[in-house]
Visitor: 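One structure follows; several queries about it will come next.
In this text the structure is predicted, and so the values were computed from the model without any measurement.
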Amino acid sequence: MAATEGILVEYVPLLPSKGLLGLYLRTPHGAAIVLDSSLPANPRLERCVMAEELGHHFTVPVTSTFVACTSATARTSYRRDEARALRWACDHLMPLDQFLQAMREGVSTVEELADYFYVTPWMVHARFRFLPSHLCRCLLLCRELTCLGCPEAA
């Protein structure tokens with residue numbers, strides 16, 4: 001997908017200990033995704049990080065590059081951009097219809113869903129956060145799944 005979009009992908013040492021595993025950059029010369037050089041050793045995590053960075057490409061306004069959060073408004077905008085990119089990644093890696101079908105087929109724990117979609121458990125939790133609230137309520141009532149990441153479960 002990155003190649004189709006003309007996005008350069010590079011692997012360099014980032015700061016995984018600080019949670020920095022990937023960056024999306026847009027320059028006058030085009031778009032680039034920078035991934036931490038440790039990611040190829042963990043292909044499932046690499047897949048999730050790449051999807052989230054692609055999410056930035058498809059959801060963030062063209063004028064966005066690096067964002068310095070100097071105000072509450074800038075931080076809110078940054079969080080909104082991150083949420084959009086993560087939602088895109090969840091929708092791409094675990095489309096809602098396939099996610100619900102997997103549960104109907106008996107895939108019923110976070111770990112099983114992560115294996116089924118070849119994503120991290122964290123990404124499954126994110127998928128739950130983006131489920132429409134009526135679906136979360138239905139899943140909880142039907143007891144098809146313990147919806148750990150669902151806001152309705154709290």
Side-chain angles (χ1 to χ4, degrees), residues 1-103 107 110-136 139 145 147-153:
M1 189 178 291
T4 301
E5 289 291 315
I7 303 170
L8 175 68
V9 177
E10 290 289 329
Y11 289 83
V12 299
L14 293 175
L15 297 170
S17 63
K18 303 278 186 196
L20 182 60
L21 294 170
L23 292 168
Y24 174 74
L25 308 166
R26 192 174 281 151
T27 71
H29 305 291
I33 292 175
V34 180
L35 298 174
D36 186 70
S37 54
S38 69
L39 285 174
N42 187 343
R44 193 179 293 220
L45 178 59
E46 178 183 34
R47 184 170 186 262
C48 293
V49 173
M50 177 60 127
E52 197 263 343
E53 297 308 329
L54 282 168
H56 286 293
H57 178 76
F58 291 109
T59 65
V60 176
V62 173
T63 57
S64 295
T65 53
F66 281 109
V67 178
C69 294
T70 56
S71 69
T73 303
R75 279 191 298 278
T76 299
S77 178
Y78 170 77
R79 283 190 206 107
R80 194 175 6 225
D81 289 348
E82 288 297 316
R84 272 191 220 116
L86 182 56
R87 180 187 294 264
W88 186 94
C90 289
D91 289 344
H92 180 73
L93 296 174
M94 297 172 282
L96 183 57
D97 59 335
Q98 293 176 25
F99 192 76
L100 296 174
Q101 182 60 37
M103 289 188 290
V107 182
V110 169
E111 291 75 19
E112 289 173 347
L113 287 162
D115 288 343
Y116 185 89
F117 288 102
Y118 198 66
V119 297
T120 62
W122 184 89
M123 187 63 81
V124 173
H125 285 281
R127 171 79 265 184
F128 281 119
R129 285 199 337 249
F130 295 120
L131 284 178
S133 61
H134 73 281
L135 284 177
C136 280
L139 291 172
L145 182 70
C147 191
L148 300 174
C150 174
E152 299 288 329

Visitor: Quick check: closest heavy atoms across Thr59 and Ala85, and the distance to 0.1 Å?
Guide: OG1-N, 3.7 Å

Visitor: Can you tell me how far apart CD1 (Ile33) and CZ (Arg26) are? Round to the nearest 0.5 Å.
Guide: 10.5 Å

Visitor: Over all heavy atoms of both residues, which pair between Ala83 and Phe130 is shortest? Give the atoms and the distance, please.
Guide: O-CZ, 3.7 Å

Visitor: When you look at Met50 and Met1, which way does the side chain to side chain contact (heavy atoms under 4.5 Å, CB included) test go after all the steps?
Guide: CA-CA 10 Å; Met50 177 60 127; Met1 189 178 291; over 6 Å; no

Visitor: If every non-hydrogen atom of Leu20 is compared with every non-hydrogen atom of Asp36, which pair is closest and at what distance?
Guide: O-CB, 4.5 Å

Visitor: To the nearest 0.5 Å, how far apart are CG in Leu45 and CE in Met123?
Guide: 9.0 Å

Visitor: Side chain to side chain contact (heavy atoms under 4.5 Å, CB included) between Leu14 and Leu21: does it pass, once the steps are laid out?
Guide: CA-CA 6 Å; Leu14 293 175; Leu21 294 170; 5.8 Å; no

Visitor: Any side-chain heavy-atom pair from Leu8 and Val34 closer than 4.5 angstrom?
Guide: no

Visitor: Going by atom types only, do Glu111 and Tyr116 share a side-chain donor-acceptor pair under 3.5 Å?
Guide: no

Visitor: Donor-acceptor check, side chain of Arg44 to backbone of Thr120, threshold 3.5 angstrom: yes or no?
Guide: no

Visitor: Nearest 0.5 Å please: distance from the CG atom of Leu39 over to the CZ atom of Arg47.
Guide: 14.0 Å

Visitor: I'd like to know whether Leu35 forms a side chain to side chain contact (heavy atoms under 4.5 Å, CB included) with Glu10, so could you lay out the CA-CA distance, the side-chain angles of the two residues, the decisive distance to 0.1 Å, and finally the verdict.
Guide: CA-CA 6 Å; Leu35 298 174; Glu10 290 289 329; over 6 Å; no

Visitor: For residues Phe117 and Gln98, determine if any side-chain heavy atom of one lies less than 4.5 Å from a side-chain heavy atom of the other.
Guide: yes

Visitor: If you measure from CZ on Arg127 to CG on Leu86, what distance do you get to the nearest 0.5 Å?
Guide: 9.5 Å

Visitor: Given side chain to side chain contact (heavy atoms under 4.5 Å, CB included), test Trp88 with His92 step by step and report yes or no.
Guide: CA-CA 6 Å; Trp88 186 94; His92 180 73; 3.8 Å; yes

Visitor: Measure across Leu23 and Glu53 and return the closest heavy-atom pair with its distance rounded to 0.1 Å.
Guide: C-OE1, 3.3 Å

Visitor: Indicate the ring-plane relationship of Phe99 and Phe128, choosing parallel, tilted or perpendicular according to the 30° and 60° boundaries.
Guide: perpendicular

Visitor: Determine the minimum heavy-atom distance between Ala114 and Pro121, stating which atoms define it.
Guide: CB-N, 3.8 Å

Visitor: Taking all atoms of both residues into account, what is the closest heavy-atom pair of Ala51 and Leu93, and its distance?
Guide: CB-CD1, 3.6 Å

Visitor: To the nearest 0.5 Å, what is the distance between CE on Met94 and SG on Cys48?
Guide: 7.0 Å

Visitor: Side chains of His56 and Glu52: do they bring a donor and an acceptor to under 3.5 Å?
Guide: yes

